[in-house]
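Below: one structure, written as structure tokens.
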Amino acid sequence: MRRVWAVLAVGLLALAGCAAAAPVATEAPPTASTPTPTPTPTPTPEPVDALSLEQQVGQVFMVGTDVASASPDTLSAVTDRHVGSIFLHGRTQGGAGAVAPVVAQFTALVSDATTGGIPLWVATDQEGGEVQVVRGPGVDDIPYAIRQADDPASVLQQNAQRWGDQLAAAGVDVNLAPVADIVTSHDTRFDNPPIGALGRQYGYDAQTVAAHTGAFAAGMRAAGILPTFKHFPGLGRVTANTDTTANVVDDVVGADSPDVEVYRQVIAGGPCIVMVGTAVYSRIDGANPAAFSSTVVTGILREQIGFTGVITTDDLSAAAQVQGTPPADRAVRAIEAGIDLVLVSADPSLLPVMYDAVLARAQTDPAFAAEVTASAARVLEAKTWRD
């Protein structure tokens with residue numbers, strides 16, 4: 001309305017300069033009885049809105065490649081199916097200098113046509129002990145987690161920052177670590193093959209695990225590496241490894257167990273990803289592996305614990321636990337459960353059928369498409385955590 005008054009005033013002055021004129025009727029100024037309408041603001045487009053549906057689907061996958069050489073299947077995943085995250089698997093003794101050129105082959109593929117110009121996430125497993133992908137010149141041999149926990153949390157944080165700097169030099173920006181699983185006890189640790197038997201645990205109670213995984217994660221963040229807490233809702237009680245054994249069931253952990261509640265503490269420390277495992281939890285949802293369970297993913301992790309960041313699966317390509325489910329269904333079921341990022345780490349050749357299934361479902365099911373868009377938006381937001 002002020003603009004209207006300004007325009008009219010200019011017009012009146014122009015008329016006065018030309019000749020005398022009859023009084024000009026003008027719009028009455030606003031009064032209390034005629035409030036000035038408030039313009040409706042134009043919504044600011046979200047970054048995900050600039051991506052095609054095909055590119056959004058690509059953002060909800062992380063695909064593996066050998067750390068020593070770029071997998072053709074994974075290169076194709078980026079160029080042909082717009083995949084937005086890669087995972088370095090295997091082992092190398094070449095150090096950061098040998099890994100960086102492999103990573104560069106993938107980051108060079110980023111374009112408007114592939115990922116919509118969105119940078120790739122480059123992830124690996126750099127826990128320490130037996131689970132350390134990158135070793136060699138310029139890279140420390142990281143102790144087992146249970147030995148890392150011998151140091152005070154402040155020292156561990158400093159160490160983890162150094163380990164994170166070494167990953168960053170290799171081109172990595174996401175670490176699928178630390179392990180937040182609570183193993184029953186020191187005496188029974190070898191009864192727990194995936195965690196306790198490998199020394200991947202930081203301790204035997206929630207307080208110890210929270211303190212040391214929190215310190216590890218803080219060190220990673222200080223180095224610019226986004227940490228990942230795993231394996232929700234806990235793999236510390238199972239008696240078989242889901243990577244190598246099918247029908248793994250946990251009949252101990254419930255929604256109110258310390259294995260679950262420890263996540264409330266660790267996610268409060270800062271930006272992170274949470275990985276959901278594939279064991280079945282009979283006290284929570286006895287019908288579905290955790291990564292396919294909306295009760296676990298949405299009901300407990302999102303709603304009960306309050307996690308708002310990116311949720312990823314454990315490997316859905318080669319893990320024995322999921323082999324009874326067709327690959328296409330694995331990806332669709334995970335996203336239906338509330339997963340944001342489907343990990344296809346061990347066998348990238350399965351990516352096409354998984355991607356195509358998610359895209360086909362999104363093209364015909366608006367509600368599912370909305371889930372894909374929401375997940376892609378969370379991934380994009382998490383990729384800017386350092387900005």
Side-chain angles (χ1 to χ4, degrees), residues 127 145-146 148-149 152-154 156-157 160 174-185 192 194-196 200-222 225-238 250-285 288-314 334 337-341 374-375 378-379 381-382 385:
E127 298 175 16
I146 196 61
Q148 294 175 36
S154 58
L156 175 55
Q157 180 172 336
V174 174
N175 192 2
L176 299 191
V179 168
D181 301 315
I182 303 173
V183 176
T184 304
S185 73
N192 175 236
I195 309 298
R200 299 170 72 191
Q201 74 278 23
Y202 281 91
Y204 303 98
D205 62 84
Q207 182 177 359
T208 301
V209 169
H212 287 86
T213 58
F216 184 99
M220 286 289 148
R221 289 189 202 99
I225 306 294
L226 188 63
T228 304
F229 295 103
K230 60 186 184 185
H231 308 78
F232 190 86
L235 272 183
R237 317 285 180 168
V238 298
D250 179 308
D251 57 7
V252 177
V253 171
D256 58 350
S257 295
D259 312 69
V260 169
E261 286 298 314
V262 71
Y263 280 84
R264 196 185 302 276
Q265 302 175 59
V266 299
I267 66 174
C272 61
I273 298 171
V274 171
M275 177 186 288
V276 176
T278 56
V280 173
Y281 294 81
S282 60
R283 292 188 57 206
I284 300 174
D285 178 358
N288 298 290
F292 302 156
S293 170
S294 60
T295 301
V296 171
V297 178
T298 301
I300 299 180
L301 183 52
R302 285 276 187 233
E303 297 173 1
Q304 176 181 314
I305 299 300
F307 183 60
T308 59
V310 169
I311 302 175
T312 186
T313 65
D314 204 343
I339 291 291
D340 300 309
L341 191 61
S375 290
R378 274 190 286 270
V379 171
E381 181 178 4
W385 73 275

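What you see below is based on every heavy atom in this structure, not just the backbone, and it leaves out hydrogens, waters and symmetry mates. As the structure is a prediction and not an experimental result, all values here were calculated from the model.
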Shortest non-hydrogen contact between [X] and [Y], atoms and distance:
| X | Y | answer |
| --- | --- | --- |
| Ala255 | Glu261 | O-OE2, 4.3 Å |
| Val296 | Pro233 | CG1-CD, 4.0 Å |
| Gly254 | Val260 | O-CG2, 3.5 Å |
| Ala160 | Phe216 | CB-O, 3.5 Å |
| Ser375 | Ile339 | OG-O, 3.3 Å |
| Thr313 | Ala334 | CG2-CB, 4.1 Å |

Can you spot which of Asp205, Thr213, Ile267, Val209 makes a side-chain contact (heavy atoms from CB on, under 4.5 Å) with Val262? Val209

Using side-chain heavy atoms (C-beta onward) and a distance below 4.5 Å, is [X] in contact with [Y]?
| X | Y | value |
| --- | --- | --- |
| Phe292 | Val297 | no |
| Val238 | Pro194 | yes |
| Ile182 | Pro258 | yes |

Measure the spacing between [atom1] of [X] and [atom2] of [Y] and express it to the nearest 0.5 Å.
| X | Y | atom1 | atom2 | answer |
| --- | --- | --- | --- | --- |
| Ser294 | Glu303 | OG | CD | 9.0 Å |
| Met275 | Thr312 | CE | OG1 | 5.5 Å |
| Asp340 | Ile273 | CG | CD1 | 9.5 Å |
| Thr308 | Glu381 | OG1 | CD | 7.5 Å |
| Gln201 | Thr208 | CD | OG1 | 11.5 Å |
| Ile311 | Leu301 | CD1 | CG | 4.0 Å |

May I ask you to decide if [Y]'s main-chain N or O and [X]'s side chain share a donor-acceptor pair within less than 3.5 Å?
| X | Y | result |
| --- | --- | --- |
| Lys230 | Leu176 | yes |
| Glu127 | Arg200 | no |
| Thr298 | Ala337 | yes |
| His212 | Tyr202 | no |
| Thr278 | Pro289 | no |
| Thr228 | Asn175 | yes |
| Ser293 | Ala290 | no |
| Asp181 | His231 | yes |
| Asp250 | Tyr281 | no |

Full working for side-chain contact (heavy atoms from CB on, under 4.5 Å) between Phe232 and Ile300: CA-CA 10 Å; Phe232 190 86; Ile300 299 180; 3.7 Å; yes

Would Gln157 and Arg221 satisfy side-chain contact (heavy atoms from CB on, under 4.5 Å), going step by step from the backbone distance to the final call? CA-CA 10 Å; Gln157 180 172 336; Arg221 289 189 202 99; over 6 Å; no

Take Asn192 and Thr184, measure what side-chain contact (heavy atoms from CB on, under 4.5 Å) needs, and give me the verdict at the end. CA-CA 9 Å; Asn192 175 236; Thr184 304; over 6 Å; no

Gln265 CD: over 12 foreign heavy atoms closer than 6.0 Å: yes

Phe307 ring center within less than 6.0 Å of Tyr263 ring center: no

What do the steps show when you test Arg283 against Asp256 for side-chain contact (heavy atoms from CB on, under 4.5 Å), and what is the final call? CA-CA 10 Å; Arg283 292 188 57 206; Asp256 58 350; 3.9 Å; yes

